[in-house]
Every structure is written in C-alpha cells, then in structure tokens.
Amino acid sequence: MEKQRVIRDILHLDLDAFYASVEQLDYPELRGLPVIVGGHPGRGVVCACSYEARRFGVHSAMPMFRALRLCPGAKVRPVRISRYKQISRQVFNVFGRYTDLVEPLSVDEAFLDVTGSRRLFGSARQIAETIRHDIRTDLGLTISAGIAHNKFLAKLASERAKPDGFFEVPDNIDEFLLPLELKCLWGVGPVMLEELRGLGLCTVGDLRKMPLADLKWRFGKAGIQLHRLAHGEDSRPVEPDSVVKSISHEETFDKDIRDRDTIHAALLDLAERVAARLRRTGLSAKTLTLKVRYADFTTVSRSRTFGSGFQQVKQIHRVAMELLQKTEAGAKPVRLLGINLHALNKGLGSQGMLFDEDHDKRSMQLDQTLDLLRARYGEKGICRATLMGWRGGESPQD
Ligand SMILES: [Mg+2]
C-alpha cells in the first residue's frame, strides 16, 4: 500500500510579530517596548503586537480598548500595509536565493521546499540558519523556522521555534508529535475539538490510538485526514505561486556604452544572473533572446533556439555574443542589454552541446561555487575576474 516517496526537506518560515517588528525597525525608540499595531484606540482591533505586549496578554484580533486596559503603556501605531508589503518583497527575495519552490501563505509566512538546494547550500537546517542570518543582517528582522519532511510538521515546528528560533522535527517524529494538543491539527475547528474531547481524546497520542475505521465512521473524509495527521503524514507538495515560463534579466546603463569589452562584460554579468536562476529552478533553456536598446531608444531582439537545453554561464554568454554580432551594438551606443531564456525544461539539458565534456564539468562546478559564495557573501562580494570593477557601481567605461 505504502507508495515509495522521495524524502523532501520542507521549511516553514514565519517572521516574528511582523507588523510590530517593522514599526520597531523604522522607529528605533519603540524597540524593547510593548507595541500594538491596529485601528483607532477606541474602536479598532489589534492587528499585531510585539512580544513585549504579548507578555501582558495582548493578542491579535483583540479589541483595542481591551488591549490597552491590559497594557496601558503600549505604544500604538497605525497599520502601514504598503510598508509591510515592501519589506515582505525583500524577505521573499531572500527566500528566492535558496530555492524557487516558495509557497507564500501570507506577507510574512511561506513554505520552502529545499530538497533540491542541499547540494549547493547544505542541509535543510543549514539553509534555514542561513536564511535567518540573511534576514537579520540584510533587513534587521527576526524570522523563525520549522524544518521537517512535510508541510504539516514544518508548520508545527515553526510554532515551537518562535520567537527568533528554529526547530527541526526529529527523525523519530513521535516524541514531537504525540504530546501535542489536538487543536494544533489542521482542520480541527472548535466543533470537532469538542467532539474529540467528548471521546476522551486530548493529545495527538490519544488520537493515534483510535482505529481508522472508527474515525471514518464518525467523521467521514475528515476522519481519514485526522488519521493521517496523527501519524504525521502529509503528501501535499509545496506549490509556488506561478510556474516559471521564462527567466530574464536586463540592465540599463548609467551612461550609454559602446566599447566592445564593456559590452561583453555586461553580457557576462547578465548571463551569470540568468544562469543562477536556471540552476536554482533546476531548469534548462532551449531559446535565448538578446535584447538591445540603442541610445536613440530603438530596440532590437535576436533569438536562437537549440535542439537541446543549456544551463551554464559560458553557454549562455557564448550564444548571447553570437547574437550580438547580428546587431549594431558597438557601432551604435547601447543604452540597455537584456537576456531572456525561454522554452524551459526540467533538468540539465545536453551539457555537451557547446563544449567538450571536461571543460563543461569544470565550468558547471565554477558556476556552483560562485552561487555558493554569493549566497554567503552577497551579490557584490564575488565575481569573475572579467567583471572586476564592473559590479559595485563603478562605471564600466573608467
Ligand atoms: Mg508571523
């Protein structure tokens, strides 16, 4: 009966007291103080509150007047959704450095499937710690991480981790799962909770002892679900918002460029960026389109399609350079360059297409090493020799 399943590594990441933390970030005088984010003190409800306020018993969805009675010294801040969304985008950008399998649950919470990222970035636990470190140092916020082999357990684990921690569900899941209260289980609302209590069931361990047939008889389909969850089973995949159709990157230059070396270096930079995204998604591309906008704003594009997929920086750069020959770049000053990869497929494609195999392998290893270093030290910290002086804000013409 048991289907053979790939063991996946799932992270559930959840920012701590997100709205309140952003207020404390933007207004340093609020740090260490009880902060309530919400509507009008007389009428509104609490949208979020800092951990300092939670100590007084304040929680979200509570009427403001009650919250302020519990914690009269609280600093009240209005909700600033656009600011939270702005920071949320930066947080999701950090997630995207480590995997493209990101399923957002809200502005401050997501599931990440990092199964395919282990080779580049280490174990699930290391990836969780790296992401937590990135968000702390890049954005000044704390995020908690739950680590498990499925979404259900990962979400339970992040709750255990809060605030500012991580928790990895042990291989023997029972020591973690069985003592939990039934209200922790997905799909168990107040009504079902009452019914389960009526049967004398309080913990997941109690539920585990109920035969499947009994649960089915009492709760129908929901009973089957309960049985699965009581065994820590959840086969739902992490589902990213959208399937990637194409990968592109373009750069508008501060000053128009016409020097060939500079144009080649700029193409290498673009090739690196799109190749890094290809590798993270585990995709290869069959079609490359080069976009060139001249100083007079006219734009041309040139495409080439191959019989099999490609993935490496060198391959992408070489094709882009070939296509460049079919434009007037250089003869005319260039304002913008872009590389778009489409006809994407899962897998590495045919690596031997453009290069001999040995060279190919070394080239792939170099790409991966650069990925690793960039994830560790940031975009600007590391680049190929050809790009020295090109990234980091210096004008390529100098
Ligand atoms: Mg949160």
Side-chain angles (χ1 to χ4, degrees), residues 1-15 59-61 95 99-116 124-125 127-128 143-162 165-243:
M1 286 284 277
E2 186 74 7
K3 269 187 270 170
Q4 202 176 353
R5 276 177 297 153
V6 184
I7 296 183
R8 309 208 68 84
D9 281 319
I10 310 295
L11 308 183
H12 179 255
L13 292 159
D14 190 353
L15 287 149
H59 57 78
S60 50
F95 296 164
T99 175
D100 280 84
L101 291 175
V102 176
E103 179 180 335
L105 297 177
S106 69
V107 282
D108 72 328
E109 205 184 327
F111 285 117
L112 276 66
D113 184 333
V114 296
T115 314
R125 183 177 169 153
I127 295 171
I143 189 162
S144 297
I147 307 155
H149 295 310
N150 63 43
K151 296 207 288 196
F152 163 62
L153 291 172
K155 176 135 173 137
L156 287 175
S158 75
E159 230 133 87
R160 169 75 57 97
K162 279 190 165 294
F166 69 94
F167 182 80
E168 185 172 15
V169 175
D171 281 336
N172 173 12
I173 60 170
D174 288 357
E175 58 188 78
F176 166 70
L177 185 61
L178 297 187
L180 292 177
E181 290 180 60
L182 290 175
K183 66 172 184 212
C184 300
L185 299 186
W186 275 357
V188 175
V191 176
M192 191 184 269
L193 195 61
E194 264 317 297
E195 212 166 331
L196 292 167
R197 282 201 183 123
L199 294 168
L201 310 180
C202 295
T203 64
V204 177
D206 298 335
L207 180 65
R208 174 80 70 82
K209 291 181 199 136
M210 283 282 281
L212 174 60
D214 284 9
L215 286 171
K216 236 158 113 179
W217 180 76
R218 274 176 199 282
F219 301 105
K221 257 191 176 166
I224 304 173
Q225 167 82 348
L226 274 177
H227 181 79
R228 280 201 196 115
L229 294 180
H231 287 80
E233 288 167 17
D234 175 15
S235 60
R236 292 164 310 158
V238 169
E239 290 178 300
D241 247 359
S242 55
V243 180

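You'll find the side chain of Pro240 stays beyond 4.5 Å of the side chain of Val102, heavy atoms only. A heavy-atom distance below 4.5 Å is not found between the side chains of Gln225 and Leu185. In this structure the side chain of Leu177 reaches within 4.5 angstrom of the side chain of Leu156, judged on heavy atoms. Asp9 is listed as a side-chain neighbour of His149, based on a closest heavy-atom distance under 4.5 Å. Between Lys216 and Ile224 the shortest side-chain heavy-atom distance falls below 4.5 Å. Inter-residue side-chain proximity for Arg8 and Val238 is flagged as unmet; no heavy-atom pair is nearer than 4.5 Å. Residues Phe219 and Leu196 form a side-chain contact, since some pair of their non-hydrogen atoms from C-beta on lies under 4.5 Å apart. Looking at Lys155 and Glu109, their side chains come closer than 4.5 Å, going by heavy atoms from C-beta outward.
A salt bridge does not link Asp234 to Lys151: none of the charged side-chain nitrogens sits closer than 4.0 Å to a carboxylate oxygen. We find that Glu195 and Arg218 are not joined by a salt bridge, their nearest charged nitrogen and carboxylate oxygen being 4.0 Å or further apart.
Distance alone, capped at 3.5 Å, places no donor-acceptor pair between the Glu233 side chain and the Arg228 backbone. Using a distance-only test at 3.5 Å, with no hydrogens or angles considered, a donor-acceptor pair links the side chain of Thr99 to the main chain of Asp113.
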> Step by step, would you call Val188 with Glu181 a side-chain contact (heavy atoms from CB on, under 4.5 Å)?
Replying inline: CA-CA 11 Å; Val188 175; Glu181 290 180 60; over 6 Å; no

> Where do Met192 and Leu226 land on the side-chain contact (heavy atoms from CB on, under 4.5 Å) test, with the steps shown first?
Replying inline: CA-CA 11 Å; Met192 191 184 269; Leu226 274 177; 3.8 Å; yes

>> Working note: His12 + Leu105, criterion side-chain contact (heavy atoms from CB on, under 4.5 Å); need CA distance, chi angles, decisive distance, verdict.
In response: CA-CA 10 Å; His12 179 255; Leu105 297 177; 3.7 Å; yes

